[in-house]
**Student:** 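Below you will find the structure I want to go over with you.
Residue numbers start at 1 and run along the sequence shown. Whatever order the structure lists ligands and atoms in, that order sets their numbers, starting from 1.
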Amino acid sequence: MIPSVLPTYNRAPLTFVKGEGAWLTEADGRRFLDLGAGIAVNALGHAHPALVNALTEQAHALWHVSNLYNIPQQQALADKLVEHTFADTVFFTNSGTESCELAVKMARKCFYDRGQPERVEVITFDGSFHGRSSAGIAAAGSEKMTKGFGPLLPGFVHVAFGDLDGVTNAITEKTAAIMIEPVQGEGGIRPVPDAELKALRQICDDNGLLLILDEVQCGMGRTGKLFAHEWAGITPDIMLVAKGIGGGFPLGAVLATEIAASGMTAGTHGSTYGGNPLGCAVGCAVLDQVATPAFLEGVSRKAGLLRQKLEGLVADHPEVFEEVRGVGLMLGLKCKASNLDVVNAGYDNEVITVPAADNVIRLLPPLILTEDDIAQAMIRLDRAAKQIEAQLADA
Ligand SMILES: Cc1ncc(COP(=O)(O)O)c(C=O)c1O
């Protein structure tokens with residue numbers, strides 16, 4: 001009999017009932033170190049006092065009104081995002097997938113209104129992930145996500161990760177945009193080198209295309225900059241944001257330049273919940289913490305420490321791990337053993353990591369991770385690796 005919850009996830013037999021900082025408490029009382037942060041969502045950890053206050057204060061005042069009316073919290077968050085980024089304007093969504101949908105619509109409408117309605121195609125990359133909607137799976141294009149769900153939404157052209165010549169060759173009179181994650185998350189923590197991001201910006205400029213960056217996973221301070229593209233010194237025309245911006249409250253956004261957004265006039269897009277008072281009150285509180293030089297320097301400092309220790313872990317367990325990769329606190333351990341076995345061994349040793357493609361485990365801890373937490377992470381990951389070594393020895 002089908003379970004009452006549609007069984008689209010292989011769930012671990014864990015039930016968390018409470019969270020504090022980088023720690024989760026299981027129903028049986030065990031405490032787990034959370035190096036997954038709900039897949040890069042809980043940027044400020046669990047139950048951060050500033051977020052709890054923002055949410056409860058707003059909950060006592062007003063939950064929801066609709067975008068038919070002015071929403072001061074939404075205005076405040078949009079103003080803050082415009083102040084801190086390349087963007088001139090922001091639309092709020094509830095998830096990364098919805099941000100992807102709008103980004104594609106926005107790019108197409110921009111060209112349509114400029115008298116180039118044939119420009120509808122978006123060039124995307126193998127191994128990418130942009131969500132599970134019809135546009136999202138068509139954008140990523142991998143068979144794993146698309147099989148059985150045809151006909152696929154047309155208008156996406158896929159190029160091998162890192163293949164700049166392939167990008168140039170894929171451009172035609174139908175191309176509207178290039179969409180890329182500055183650091184692939186689901187694809188196995190694969191950073192796009194700065195030089196490549198710069199080259200993509202140049203290709204877009206030379207060909208009159210829009211550059212869409214998907215910073216759903218790598219944005220909001222995770223790499224040590226507010227947004228990952230800042231490392232390359234470029235700016236996109238459109239950017240997808242979600243996950244960390246709500247710190248655990250469902251919130252996403254599309255940020256855009258005035259030109260890129262020029263087609264999105266009244267009636268062209270909407271969302272019942274997008275930008276509602278609760279989400280935006282929390283979003284403001286998250287951004288106020290994350291978008292400060294001291295916070296971002298702290299992310300980079302802790303990331304340096306964690307990475308150095310992970311290099312040691314890989315050196316100590318060459319049969320389990322192959323390499324450390326990633327940027328800031330978006331780190332991946334490429335495994336030699338099965339990554340799923342390593343994640344499960346982590347559960348046995350009360351540390352949470354997240355599997356990704358390319359046999360990688362992801363470490364996406366809350367950005368408020370402390371040095372003590374890092375020390376605990378290493379003890380637990382080392383135990384997990386020893387457990388895998390014992391299993392390999394027995395096999
Ligand atoms: C890069 C990227 N884009 C889009 C999405 C989809 O976001 P959501 O699950 O919030 O719809 C994700 C989710 O993992 C992601 O990592």
**Student:** Under the salt bridge (charged side-chain N to carboxylate O under 4.0 Å, His left out) rule, collect the residues that match up with K109, sequence neighbours excluded.
**Tutor:** D113
**Student:** Tell me the residues surrounding ligand 1, counting only those with a heavy atom closer than 4.0 angstrom, sorted by chain and number.
**Tutor:**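 Residues S95, G96, T97, F129, H130, G131, E181, E186, D214, V216, Q217, K243 each place a heavy atom under 4.0 Å from ligand 1, listed by chain and number.
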**Student:** Looking only at heavy atoms, which two atoms of R119 and A176 are closest? And how far apart?
**Tutor:** O-CB, 3.5 Å
**Student:** Measure centre to centre between the rings of H158 and F125, then say whether the value is under 6.0 Å.
**Tutor:** no
**Student:** With a 4.5 Å heavy-atom cut-off, do Q217 and R222 have their side chains touching?
**Tutor:** no
**Student:** Can you classify the ring geometry of H229 versus F227 as parallel (below 30°), tilted (30 to 60°) or perpendicular (above 60°)?
**Tutor:** parallel
**Student:** Against the six-membered ring of Y9, is R132 placed for a cation-pi contact (under 6.0 Å from the centre, within 45° of the normal)?
**Tutor:**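 Not satisfied by the 6.0 Å and 45° rule.
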